[in-house]
Asker: 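The structure's right below; bear with me while I get my questions together.
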Amino acid sequence: MSSVEPTNYSSNLISERYLCVEWACSSGLITELSKAHPLLRINRMTVRQYLDRAIGYLVQEGVPLRDIWGLADLVVPAAFQKITEAALAQSPASAHCIALVLITTAREWLAADFNHLEQLEVLAKRLPSVGLDRRRTGRVVAH
């Protein structure tokens with residue numbers, strides 16, 4: 001029997017992602033998050049997509065999928081940096097969106113401590129800025 005890299009998410013990760021998104025939606029957190037979101041809209045589906053992209057970017061950066069057991073694995077500062085740098089290759093707005101969703105997840109869902117959150121926020125502040133007119137024009141203006 002050959003050793004084959006699993007292609008499925010762990011059941012814990014997929015369950016936690018589902019529960020987190022549903023809780024964020026029912027608690028009104030997604031509505032609050034949308035006020036700070038650099039893109040045009042955010043909802044239950046886009047939050048789920050950002051979490052899935054974060055997982056994908058982390059795997060793309062060389063972390064085996066079998067080593068990602070839960071959302072906490074996405075907000076370890078080294079993982080967060082890998083994810084946001086990979087997202088930055090897409091666009092500054094994509095990187096900011098993923099950073100915002102991950103920091104919110106760390107703060108609200110995982111109840112990360114102040115020092116942990118501060119490390120994530122420092123990493124997020126290093127990302128290139130996104131123009132505020134994105135909401136009106138639909139275009140990203142990098143500064």
Asker: Hey, does the side chain of Glu16 reach the backbone of Leu71 with a donor-acceptor pair shorter than 3.5 angstrom?
Answerer: yes
Asker: Supply the atom-to-atom distance Ile55 CD1 to Leu65 CG, rounded to the nearest 0.5 angstrom.
Answerer: 7.5 Å
Asker: Stepwise, does the side chain to side chain contact (heavy atoms under 4.5 Å, CB included) test hold for Ile83 with Leu102?
Answerer: CA-CA 10 Å; Ile83 292 165; Leu102 291 177; 4.0 Å; yes
Asker: State, yes or no, whether a side-chain contact exists between Tyr18 and Ile14 at a heavy-atom distance under 4.5 Å.
Answerer: no
Asker: Who else is in Leu127's hydrophobic cluster (ILVMFWY, side-chain heavy atoms under 4.5 Å, direct or via others)?
Answerer: Leu88
Asker: What is the distance from atom CG of Asp52 to atom OG1 of Thr46, rounded to the nearest 0.5 Å?
Answerer: 11.5 Å
Asker: Below 4.5 Å, heavy atoms only, C-beta onward: do Arg17 and Leu74 meet side chain to side chain?
Answerer: no
Asker: Would you mind reporting whether Leu100 and Thr104 have side-chain heavy atoms less than 4.5 Å apart?
Answerer: yes
Asker: Check side chain to side chain contact (heavy atoms under 4.5 Å, CB included) between Ala87 and all other residues, then give those that pass, not counting sequence neighbours.
Answerer: Tyr57, Ser94, Ala95, Ile98
Asker: Identify the heavy atoms of His96 and Ala124 that sit nearest to each other, and give their distance.
Answerer: CE1-O, 4.3 Å
Asker: Between the main-chain N or O of Trp69 and the side-chain N or O of Asp73, is there a donor-acceptor pair closer than 3.5 Å?
Answerer: yes
Asker: Restricting to side chain to side chain contact (heavy atoms under 4.5 Å, CB included), what partner residues turn up for Leu19, sequence neighbours left out?
Answerer: Trp109
Asker: Does Ser27 have any side chain to side chain contact (heavy atoms under 4.5 Å, CB included) partners at least two apart in sequence or in another chain, and if so, which?
Answerer: Trp23, Leu29
Asker: Residues in side chain to side chain contact (heavy atoms under 4.5 Å, CB included) with Gln81, at least two apart?
Answerer: Glu85, Leu123
Asker: Are any of the side-chain heavy atoms of Pro64 and Val59 separated by less than 4.5 Å?
Answerer: no
Asker: For residues 112-120, which side-chain N or O atoms pair as donor and acceptor with protein atoms under 3.5 Å away, sequence neighbours left out?
Answerer:
| residue | atom | partner | partner atom | Å |
| --- | --- | --- | --- | --- |
| Asp113 | OD1 | Asn115 | N | 3.1 |
| Asp113 | OD1 | His116 | N | 2.8 |
| His116 | NE2 | Val75 | O | 2.6 |

Asker: Of all residues at least two apart in sequence or in a different chain, which pass the salt bridge (Lys or Arg N to Asp or Glu O under 4.0 Å) check with Arg48?
Answerer: Glu22
Asker: Quick check: closest heavy atoms across Cys25 and Arg44, and the distance to 0.1 Å?
Answerer: SG-NH2, 3.1 Å
Asker: What heavy-atom pair brings Glu121 and Arg107 nearest, and what distance separates the two atoms?
Answerer: OE2-NH1, 4.4 Å
